[in-house]
Amino acid sequence: MSFFGVDFARKKERELERKLRANDREYNLSFKYATNAIKTSKYHFITFLPLNLFEQFQRIANAYFLFLLVLQVIPQISSLSWFTTVVPLVLVLTVTAAKDATDDINRHRSDNQVNNRKVEVLIDRKLRSEKWMDVQVGDIIKLENNQFVTADLLLLSSSEPLNLVYIETAELDGETNLKVRQALPVTGDLGDDIEKLADFNGEVRCEPPNNRLDRFTGTLTIAGQKYPLDNEKILLRGCTLRNTEWCFGLVLFGGPETKLMQNCGKSTFKRTSVDRLMNVLVLCIFGFLAFMCTILAIGNFFWERNEGSEFIVFLPRENQNGAGISAFLTFWSYVIILNTVVPISLYVSVEIIRLGNSFYIEWDRKMYYSRNDTPAEARTTTLNEELGQIKYVFSDKTGTLTQNIMVFNKCSINGKSYGDVYDYTGQRLEITEDTDTVDFSFNLLADSRFMFHDHALVEAVKLENPEVHAFFRLLALCHTVMAEEKKEGEIFYQAQSPDEGALVTAARNFGFVFRSRTPDSVSIVEMGQQRSYELLAILDFNNVRKRMSVIVRSPEGKLSLYCKGADTIIYERLHQSCSKLMEVTTEHLNEFAGEGLRTLALAYKDLDEEYFIQWKQRHHEASTALDDREGRLDQLYEEIEKDLLLLGATAIEDKLQDGVPQTIEQLAKADIKIWVLTGDKQETAENIGYSCNLLREEMNEVFIISGNSPEDVRQELRNAQTAIKPASDEDSVFLPQGTVSNGPTVVSEEVANGEYGLVINGHSLAYALERSLELDFLKTACMCKAVICCRVTPLQKAQVVELVKKYKKAVTLAIGDGANDVSMIKAAHIGVGISGQEGMQAVLSSDYSFAQFRFLQRLLLVHGRWSYLRMCKFLRYFFYKNFTFTFVHFWYAFFCGFSAQTVYDEWFITLYNLVYTALPVLGMSLFDQDVNDVWSFQHPQLYIPGQLNLYFSKKTFFKCALHSCYSSLVLFFIPYAAMHDTVRGDGKDISDYQSFALLTQTCLLFAVTIQLGLEMSYWTAVNTFFVLGSLGMYFAVTFTMYSNGMFLMLPSVFSFIGTARNSLSQPNVWLTIFLTSILCVLPVITYRFLFIQLCPTINDKVMFKVRQAKATPPPPPRRTRIRRTSSRRSGYAFSHAQGYGDLVTSGRFLRRPAVSRSSGFPNIGRPTTGFSPMGRSAGYSPTGRPQNTKTPDVEVTSLQMYRTFSDPAL
Amino acid sequence: MMASSYNAKEEDGHHSGAANHGGAGAVKSKKPDNTAFKQQRLPAWQPILTAGTVLPAFFVIGLIFIPIGIGLYVSSNNIKEFEVDYTGVDISSPCHPCAKNFSWNATTPCPCSVHFTLEQPFESNVFMYYGLSNFYQNHRRYVKSRDDSQLNGDRSALTNPSKECEPYRTSEGLPIAPCGAIANSLFNDTLKLYYIDSNGTRNEIPLVKKGIAWWTDKHVKFRNPGGNDNLTLAFKGTSKPVNWRKPVYELDPNDDDNNGFTNEDFIVWMRTAALPTFRKLYRIIQKKSGSTPTLPSGQYVLDITYNYPVLSFDGRKRMILSTISWMGGKNPFLGIAYITVGSICFFLGVVLLIIHHKYDTRNNSADIPN
């Protein structure tokens, strides 16, 4: 099921090369390129019915019922009237069709909205406002600021200098930082001159439509001159124009051929484990059905041969069919009769239950985040019960566990620590919401959202303390942040990492406002005074250097080098004179680190003019060198960054989201293993691991795997294993490498003797994920309580998830917020997106989304558990009621000559699943809860049965079948024995077929209803109404159908006239009903009671406790104390990516770095990245409010809609 | 399957709203409603299986069932029933020759008489049944082989019976009335009962042939076509079922109300049995006034006009005389079942009580690991 647009494009002859000419519609039309209209809807008014029906009948269940219908119209086979199948089938088809129709109407609407958007198009030498769908390939269109890009465009010219445009690509890749595109100078000269543009007749030859977002090749020919085109000149549909007044572009691809649409392939359809189990069971049932029918057919064969041939006197055979033919026909007749073992309504009901439970998630106020008005959203409604079976949670760190908000919290300047608040007795105060904040009103350019509590620092600034000034000057100068000042005084910073943003904002508030930069200068406002520093060099950050420096010339002409970086690195390069200050600062750093803050040391040095000129010369040579450029540059940097003078240190808090430690503890109690997969450095990750309670001081050991070769990694993993399980035999723990290839085996759960943690580095992970090591890694990791993988690429995130999925028979959940989590979210059984933050990509590919990590515990422990419980109860009960219903036919076959005579009235068969038993079981599966949410939190262990598949498995299914078998025996033979050869109270007939049918069906209905009552543990008014209402309904319908009026209308359809009146007035009929009901439930109650007495499950215990505690309200959920550790394990606050320095100095801001894809070789220098790690660098915001509050509108819709769903056929 | 794939639309509007979040609250918050239903806090009754509920229930069920069972058993036992198999399988049986020499084409009926003795007098109304065994009246092809419209007096169905009636739909070009295999196989033995008093004279016992069918069947389900004025006319143009010796309008020529489709013997036969062994009400022997028993003990003769062949498919024919009670005919099963189930319940109650006392401590401590 893909989209027609895409399909169409594919069906068309494959385009090898695209040729088009600007402003020449006729020429371009000859190629029949797609226009810019998109179509995501599937149906038209007229095509809806046939197409939809065709689709629906592709589902096996529906097709199966169609097949039954065909069987039923064959008179020799038909054992049931056509309506027994038609009524349910039509109902199911109608419900599904109605749902599809509403979906499609919505798609039509959103298509229309997108297609009818206006854009200015150059037509007939004039700019005209046209609808998007009328835009054609080769048109020149004008875009304005904050507009969506209409189609895939070749950028021609823009309002900005150097023909740059800034675009936001959040829709495409989830990255919110601005990107730059630059037009060719030759087209850039066209400017906004309409005449010139109208005369423009460049010809483009380029690649055919494809889905590579990061690549484009083509050539532009203007007046015989050829110009190469690459991705830097292309604006893709789905981007938004930012900071650019206007630009002109030439449409290259339209509508379905744009890269955005080409990218929106089908998303994989996820199935729950219950789904998969159900499919297996349904296949088994089919087998069983065939088996039963075969037995009955054989029975029929012998009956026909022995009895039927003699009974011919009264019952002649049709066309003198022999016993063989009769048996064959009987087989199919019984297929029809016994088809209720594979009930069509099962699938509908399952969907309704899931939908209902999804609504509960969306309605939950406790998963609503009022800060940004975000309720939880169930984007996929087919996975609910799987939420109750999660065993592994893979979490992203930044933006998921942490808020991705960096707060400049403390600093140490020249040996004095700032940031703490003391009361008059000198007691340190806890900083809370109400703590008095520093007033920055002296500074007109201050960011009002910045909060600081220590007044001493402002005083120091105001007193013009030179070290303090130098400190903030450094922060204002030494960075790669971009400033954007739309209005006087309203400055926005675009930072590569939120840390940097926090530092620059801090400097800004303390009077050192970074205002703007050019490639060779930095303008700052120092205490109200505008000053421009000449930017001579940026000694950029990288992972080995762990520091960055700038060399600037002050307006006074003084040359200085400012450096910030990891304390250990800076300390190595300090001048000896700082040793005393170093000691004090180290103390402060330890203190900061102990509080889990991220620290940076700051240092500077004044430079000698001559030395610098000479150095600059060498720097130039090195930077143009062809071989070993990086090495030579590093050496140069090393040379100049020495004998620095320490200024102080900063401490930045990486704010955890609310309730993260508590959530993690709760999930751990529910035996859910949490793996943190982060792109962050090991130190940061570890630090967060401790602060969110994942790693704990009490843990026996935290293993750190950071080997740089497969052998090292293997050794480290094995050491860890022996440490965890010293007794275990080497051979049993480590499979020989050869056995791995024999298909996925399931790694059994091994219990560690103690609590362990595992931290593994990105490059070690690359080895650990290789085939030879993956089992070792998995075993070690699974024995640890907590696993943290740092420096992980998005691809590796997915690989880790896949690894666990492959070898562990466990359900996985991935939670993340950014574009880099998409792969993992898609790979895991369940993907959860954190909404309301960086980009939409994670949310768009997720199955559930909500605003805060802490909602995860409610999603799993409450909604997930209930959904699973309900679904399992539903399935158990559903199979029970249908098997019981069906098996009675089987027993009856032995008494009616295997003639496929039904036990019940045909109308009862038709309505049994749809009317008489549908609502009670639905009510149960929508409302049931064993214990309420408070108790679910109180006892997270209640979650464990779900992980172990205890509520519904093949075993429970088998038990259900046995139970049904027993019930059906009771339901057939008790009425049989009670009615055998007997008569009514007035001597008339009662053991006739119709009375017997009525009796058995009434018994059945009572038995299954009482069984439902036993299953149900939460009787709301609705449930009671449904249960009693359905029984009442049965009698109402029965009396109506067996009434004179109905019979006189259609004598042959309602031939059961009078049966109800004559039969249900008999006391022995009711006594029989009573007896069968009691006999059906007696063993169940005994069995359950015995189990509760002898080996109660956790549910039984908790339910018992709840009952006991009913008088007293349950205690409030305990808040866990967050343990702060004192040992030092701080990292330095820096984004782990290569810095922006080159870009800043080259004048080409914020370009994506080249992407290197590899996962197998040691990469000491740069991190191995599949995605650009810069995507992480969300816009910095010092307060809790995420920055990108204005989420773009429609393209989101279309993107979402590309998530197609093939239906769960079986 | 039911993915909410179009939610983004709402989200758009909402997000633009979130941007001016601080604004005068013009934008409706997306905060879900605080209703008990949406928050899953509906008040509910939460029963669980505890010793306090299960054990008393067992005892109560036991205590209720056993008396009911005894009552049923006693009343079933008080019913007097007498059964005569007159199939004629044994050579010694008086009906053996008739059974052996049966022929469909025989023009003369084959009579036979069975003598029997009632040891005990039958009080109150006595019901006379014929019972058939191994007769698959519930076979699917048999059950559906009828046309209820025709039997309801529908004229078009009379002349054009339903296809279900095949192969007994038409005969010699004329539609069969009543059509189908059920009607065709109408039980047509005639039974007569004589009491032989002490001086050896045969006194015919009056058998009432009306009031043996359900009221609904007699008055709603079965109706003669075209009013009841002249059945011969009404059934004109139809043929009798092939096995029948006389047409349907001659089933009871003496009583217009009991003729044609509304003949009660016919109606009783048409109500097909659920099981291959069944009995059908044939005649009622009305209670005599005074204290004389309806059927005094002594010698009886059953005169049979043997028309109905069952031997070919190993069937059996019986004549049953029975009195009835409030709960119907003689069937000790229900009584025995009730007594058994009641006892089991009681026994289980005791066993569970012991188990409960032994293991109760384990449950009460509610040792939930943490």
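Worth saying up front: this structure is predicted, and the values here are computed from it rather than measured. Reminder, nothing fancy here: chain letters follow the sequence lines and each chain counts from 1.
Looking at Phe1047(A), only its side chain comes within 4.5 Å of chain B, counting heavy atoms on both sides. Contact of Asp930(A) with chain B is made through the backbone alone, with heavy-atom distances under 4.5 Å. Contact annotation for Leu42(B): both backbone and side-chain heavy atoms come within less than 4.5 Å of a heavy atom of chain A. Both the backbone and the side chain of Phe37(B) come within contact range of chain A, judged by heavy atoms closer than 4.5 Å.
When atom types are taken as modelled, the side chain of Asn331(B) and the backbone of Ala977(A) share a donor-acceptor pair closer than 3.5 angstrom. Side-chain atoms of Asn1068(A) never come within 3.5 Å of backbone atoms of Gly328(B) as a donor-acceptor pair (strictly under, hydrogens ignored).
Side-chain contact between Leu1071(A) and Tyr338(B) is present, with heavy atoms from C-beta onward closer than 4.5 Å. You'll find the side chain of Glu307(A) reaches within 4.5 Å of the side chain of Asn134(B), heavy atoms only. Considering only heavy atoms from C-beta on, Arg141(B) stays 4.5 Å or farther from Gln901(A) through its side chain. Using a 4.5 Å cut-off on side-chain heavy atoms (C-beta onward), Phe314(A) and Asn243(B) make contact. Contact of the Leu281(B) side chain with the Val983(A) side chain is not registered, since no non-hydrogen atoms from C-beta on lie closer than 4.5 Å. With a 4.5 Å cut-off on side-chain heavy atoms, Phe65(B) and Leu1075(A) count as touching.
Contact tally against chain A (heavy-atom pairs below 4.5 Å) for Ile320(B), Thr50(B), Asn184(B), Ile61(B): the top residue is Thr50(B). Of the listed residues (Met979(A), Lys366(A), Arg1061(A), Gln994(A)), the one with the most heavy-atom contacts under 4.5 Å to chain B is Gln994(A).
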_Assess the residue pair Arg318(B) and Asp981(A) against the criterion (salt bridge (Lys or Arg N to Asp or Glu O under 4.0 Å)); give the C-alpha distance rounded to whole Å, side-chain angles, the decisive distance to 0.1 Å, and a yes or no._
CA-CA 12 Å; Arg318(B) 293 167 295 158; Asp981(A) 238 7; 3.2 Å; yes

_Working for side-chain contact (heavy atoms from CB on, under 4.5 Å), residues Phe1054(A) and Asp148(B)_ = CA-CA 9 Å; Phe1054(A) 300 103; Asp148(B) 278 313; over 6 Å; no

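Looking at Asp147(B) and Ser1052(A), their side chains never bring a donor and an acceptor atom within 3.5 Å of each other. Looking only at atom types and distance, the side chain of Thr216(B) has no donor-acceptor partner in the side chain of Tyr1042(A) under 3.5 Å away.
A distance of 6.5 Å separates CD1 in Ile68(B) from CZ in Phe1074(A), rounded to the nearest 0.5 Å.
Here the closest heavy-atom approach between residue Trp214(B) and residue Ser995(A) is recorded as CH2-OG, 3.3 Å.
Residues Asp373(A) and Lys31(B) are not paired through a salt bridge, judged by the lack of any N-O separation under 4.0 Å between the basic side chain and the carboxylate.
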